[in-house]
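Quick notes on the structure that follows.
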Amino acid sequence: MPDIAKVYDAKKYEDSIYQMWDKLGLFSPEIDPSKKPFTIAMPPPNATGTLHLGHATMLALEDLMVRYKRMAGFETLWLPGTDHAAIATQNKVEGILAKEHKTRHDLGRERFLEKVKEYVASSQDTIKNQVKKMGSSCDWSREAYTFSDKLSFAVNTVFKRMYEDGLVYRGNRIVNWCCRCHSTLADDEVSYKDENGKLYWIKYGPFELATTRPETKLGDTAVAVHPDDFRYKNLIGKKFNILGVLGEFEITVVADELVDREFGSGAVKVTPSHSFMDFEIAQRHNLPFKQIINEEGKMMDNCGKYAGMTTLECRKAIVEDMKNMGILLKVEDYSHKISICYRCGTVIEPLTSEQWFINVNKKLSRESWQKKDNDLLKDLEGTSFSLKDIANHVVRSGQVKIIPDRFNNTYFHWMENLRDWCISRQIWWGHRVPVYYCHDCHHIMVELEPMSVCNKCSSVNLKQDEDTLDTWFSSALWTFSTLGWPEQTQDLKYFHPTQVMETGYDILFFWVARMIIMSTYAVGEIPFETVYLHGLVRDKEGRKMSKSLGNGIDPLDMIDKFGADAVRLSLLIGTTPGNDMRLYEEKISGYRNFVNKLWNAFRLVMMICENNAGDSANLNLADKWIMTETQSLVEEVTTMLDEYRFSDAGSRIYDFTWSVFCDWYLEISKIHPNPAVLKYVLDIILKLAHPFSPFVTEAVYQEIQGADPNSNILMIQSWPKPQNDLIFAEEAKQMETVVEVIKEIRSLRVQVKVEAVRKIQAYIYGAEMTTALMKKSEVIKRLANLSELIIAQSGQKIEKSISKFVGNIEIYLPLESLVDSAKERLRLKKEIERLNAYITALQLKLNNNDFTAKAPAHVVELEQQKLLTARMELNKIEEQLKEV
RNA sequence: GGACGCUUAGCUCAGUUGGCUAGAGCAUCUCGUUUACACCGAGAGGGUCCAAGGUUCGAGUCCUUGAGCGUCCACCA
């Protein structure tokens, strides 16, 4: 073996192995109706992004599932792609322009978009190559991009259909406005942060009331109180002239349940145009709307001397003026949460604006939902349903299963409280709203393709809507737009609905929920059967990784340092769905060690096989044991993978490989080699481990085959099945005893401080295990470092020795010179003490009639067995104590 | 204000319908280079499983309450 390195060199293998798989076209499935498909639509990373640990986690998990299913015989499609990431990308390019002291307005819409396109094109390959670095076996021939012509067509198609169904509408309503991004945001694109602000108490006509935003007073049109609030009952319905900083203005007093009597004075000033709650109250009570803040976040012309100020400047000025007028009663410290933009952190300005919305409550008929012959509406009563109803139903009825299931509640809660989804954005980078306005006849047209002539009056004086669509609108179509929809392609028919959607729980709402809404509506199918949610990767202290903290780990650095397999394993093992995980270098290096262990196991197997002829027919005790262990390994790992218990499956393989195969079977093989068995077990390990660590397993698989021109590829081998004819329960048990005996001798040696190099004698009285022990006497001798081993069924106690009893088996190490009788007696007494406590506990349990009557028979039997064994050991020790 | 999660060895975490003298990796200590691997081997120490109640023959596991930490959601101006 001179040519195979002692240390596995990930760099030497990973890229070339990936290229080999790719070149052979192994990532692309065939459409084969005789086989079941397994499909995952990869959550598309931002086209201009770089790989972070969230991506790495996602890729490791999905590649694991996909590789497993591929080997298990499914036609497996993992469809990759990128997202145009409207706001995020536009912000990036604007940032670049800012360095040249330019804004997008300096360039104009067209040139700016050119620039973004260029930028995307130049950076798109980066993320793609990084995805490949992880070993992702995704089908690049079907790669998609949310802003490609095909997917844009799908976007327009859905928009048009929704418009025709009355689900998309244009309305002047209150929206979240980010002044920096200069755009609306959906409700869930708003984050919150704590702020230590002030609560201002104002004299307000007959009221005294508290507000955090005195500047909005300029837009007040009402005061609201709780309908049952006796303090204000006689004021309800009346109108008052309020003294304000710009003179008097009129308000109406309305009663609304939304008002909290406990807060402040129980009276709220109502600013319909700049507060969600106030907007709702105003709508209910037909109150006038008065917009005072514009889209730049500045006070409008109707604000007199305050016009042109930012809201904060205005707040300062108004507070000062109110103080001077004597209508500011007091100012209290007040900490509360303010809403900020999730992209840039700017404070959100709620304002009313003309926007496009998706109506989530409008009901459509049963027929319009049932587009396909499937179970979509199964067990659903009623004749018409809203987007919300159906999205709720498919999860409630179990058609879409969320792992872990506690996220069901979160999902339902969100869905039930969902308000109409504002989908128009005032940024330029994104799918332009496919609506055209005729300036001559005022006809409004929703079109799939760009149009230039009014289809009603033939005027060419048309203008397309300036706005673009929320980036999540296009990603919501991801599972089907990527398969060719609205065309009824073979891909769509075969691969949709997809089987698994794997993503972080942080985008359950942004994305997962919206995919369910869009797929059920547009295709009439659920988008996926199972949602597997992974947690966030945190640092060793449990903190979020961030640039400012400098605690981020770059997965690419880690791949460079430890190899992709090690990175994958560190993200797969020791983690549970839906829970955050911690990652740090020591963890990754630990799995790098495992990868190397596997590599060296292969080297040893090769060495042994080179020097020994195969003798597969004749299985010895150890062979039968490892065969038996291997069968249960296969069975358990398969079950765990089927149950999405990836961490369990991974650690099971890890433990078997290291602690069973390497520590025992390989050591035994140095004495009693059986090449056929060695190769068989190694082959199983490679197959089972392949979905977790594809590179090293494939590298080994290829090395084993050497220069064979017809060599096989591990990636497409069949997943192993447990073979009943290779299970030898009796022999496995015997071998376990042999292992235990060796462990005990080793332990005894250290206890009495026999130098490691010194070979000693041992007597073993094996009782019913004698034959088995004899068969493996050579192994015991070598692994326990013995000079001489005497095995008998039974015999005399050996004086001046240290002893240990494994059930009925007696072990003596005659070490006259080393045995300190006093110490040995003490050791034995301690053993007796421990055993006595144990036996007492067991007896107590077994003497309890309730236990024997109520516990299952096998549990009782197990406890009895334990007692029997403990008693045997106790007897032996007590006898031995006399000899010392 | 609601909902959820976490709390198990010094550290990071497993522990699947209750059956556990509670496990792993890292770290620590002792010893070690015989045909793979020092990215290694052998052995050892280390835990009232957050607290208090309850259900049960039996609780790390189920229920109730509480504490600490964390996350998400919501129209408290």
Side-chain angles (χ1 to χ4, degrees), chain A residues 1 4 6-8 188 192 199 209-213 216 224 258-260 262-264 267-271 275-281 336-337 404 406-407 409-410 413-414 417 505-506 508-509 535-536 540 542 562 566 573-576 578-584 586-587 589-608 611 639-640 643 645 647-648 651 654-655 659 662-663 666-667 670 743 746-751 753-757 782-783 785 834-835 837-838 841-842 845 848-856 858-860 862-863 866 870:
Chain A
M1 311 275 304
I4 297 182
K6 285 171 97 163
V7 172
Y8 172 67
D188 49 359
Y192 297 89
L199 192 61
L209 48 78
T211 178
T212 52
R213 300 194 62 190
T216 61
L258 234 43
V259 178
D260 178 358
E262 307 297 318
F263 188 88
V268 195
K269 67 185 205 59
V270 180
T271 319
S275 152
F276 276 84
M277 173 176 156
D278 296 4
F279 181 86
E280 217 180 303
I281 292 176
H336 63 142
K337 277 187 173 156
R406 63 184 149 89
F407 280 98
N409 285 335
T410 323
H413 183 255
W414 184 82
N417 291 308
Y505 65 75
D506 51 330
L508 179 63
F509 304 139
L536 270 44
K540 197 170 184 176
F562 302 112
I573 299 180
T575 62
T576 41
N579 290 331
D580 293 350
M581 57 190 112
R582 301 185 190 201
L583 190 73
Y584 38 90
E586 299 94 295
K587 202 183 229 175
S589 75
Y591 288 108
R592 185 266 323 264
N593 296 353
F594 172 71
V595 167
N596 193 52
K597 188 77 183 176
L598 186 55
W599 178 256
N600 273 287
F602 139 70
R603 288 181 63 226
L604 181 60
V605 169
M606 289 297 102
M607 285 180 199
I608 294 173
N611 301 328
T639 308
M640 288 165 175
E643 293 173 352
R645 288 159 49 202
S647 174
D648 288 350
S651 42
Y654 180 104
D655 289 340
S659 321
C662 290
D663 287 352
L666 286 185
E667 292 305 321
K670 291 173 184 172
K743 281 184 173 173
R746 284 171 171 176
S747 176
L748 282 174
R749 291 180 61 113
V750 174
Q751 278 179 52
K753 300 192 166 62
V754 181
E755 308 89 81
V757 283
R782 285 279 284 279
L783 298 191
N785 204 11
R834 184 187 64 87
L835 274 170
Y838 184 44
L842 284 171
K845 201 181 225 183
N848 183 342
N849 288 336
D850 279 330
F851 174 70
T852 42
K854 291 179 186 171
H858 71 273
V859 173
V860 178
L862 206 73
E863 298 299 300
K866 283 181 193 169

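All figures in this text were calculated on a predicted structure; none of them were measured in a lab. Letters A, B, ... mirror the listed sequences (proteins, then strands); counts begin at 1.
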Looking at every strand, decide which applies to [X] at a 4.0 Å heavy-atom threshold: base, sugar-phosphate, or nothing.
{"X": "A/S647", "result": "nothing"}
{"X": "A/G574", "result": "sugar-phosphate"}
{"X": "A/D580", "result": "nothing"}

*Going by atom types only, do A/T271 and A/K269 share a side-chain donor-acceptor pair under 3.5 Å?*
yes
**Asked** Does the side chain of A/H413 pick up a donor-acceptor pair with the side chain of A/N409 at under 3.5 Å?
**Response** no
Problem - Working for ring pair (Phe, Tyr, Trp, His ring centres under 6.0 Å), residues A/F407 and A/Y505 - result: CA-CA 8 Å; A/F407 280 98; A/Y505 65 75; 5.7 Å; yes
So for [X] and [N], does any side-chain atom that can act as donor or acceptor lie under 3.5 Å from a complementary atom in the base?
{"X": "A/K6", "N": "B/A36", "result": "no"}
{"X": "A/R645", "N": "B/U16", "result": "yes"}
{"X": "A/R592", "N": "B/C39", "result": "yes"}
{"X": "A/E667", "N": "B/A36", "result": "yes"}

inquiry  = Please report the distance separating the C1' of B/U56 from the corresponding atom of B/G60, rounded so that it comes out in whole Å.
reply    = 16 Å
Whichever of A/V757 and A/E586 has the more 5' nearest nucleotide on RNA chain B, that residue is A/E586
